[in-house]
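Presented below is the structure to which this report refers.
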Amino acid sequence: MASLAWLLIPLFAAIGAGIWGSWAARDRTQGDISELAGYARFREAMGNAEQAKAKAQAHSGSDSV
């Protein structure tokens, strides 16, 4: 019976390695696409903020003396 227990240890290790290997090799391209889209939205928002700031400074009355 003890020899059966010693044979089950490598079996469980092989099953665990197979599960980990399939998880590590999964397709992760969707994450890259959504990250790039989020970065594009961030750049657009920062560009709009800079334009609004420049427009507000151009129209402020405190500098026109």
Side-chain angles (χ1 to χ4, degrees):
M1 193 67 176
S3 62
L4 182 61
W6 280 106
L7 290 175
L8 289 177
I9 293 171
L11 176 67
F12 288 140
I15 292 170
I19 291 171
W20 178 83
S22 64
W23 177 78
R26 71 191 185 282
D27 185 20
R28 291 180 270 186
T29 57
Q30 182 63 27
D32 292 341
I33 294 169
S34 63
E35 289 289 329
L36 290 174
Y39 180 65
R41 288 191 306 268
F42 171 76
R43 287 182 47 184
E44 181 181 343
M46 289 295 110
N48 290 341
E50 289 294 323
Q51 289 174 357
K53 186 177 179 182
K55 191 181 290 185
Q57 286 178 351
H59 293 291
S60 70
S62 62
D63 292 338
S64 61
V65 174

### ILVMFWY cluster membership beyond Trp6 - transitive side-chain contacts under 4.5 angstrom
Ile9
### Message
Hydrophobic clustering (ILVMFWY, side-chain heavy atoms < 4.5 Å, transitive) - are Ile19 and Leu8 grouped together?
### Response
yes
Sequence neighbours left out, cut at 3.5 Å: what donor-acceptor pairs do the side chains of residues 40-48 make with other protein atoms?
unit_1	atom_1	unit_2	atom_2	d
Asn48	ND2	Glu44	O	3.4

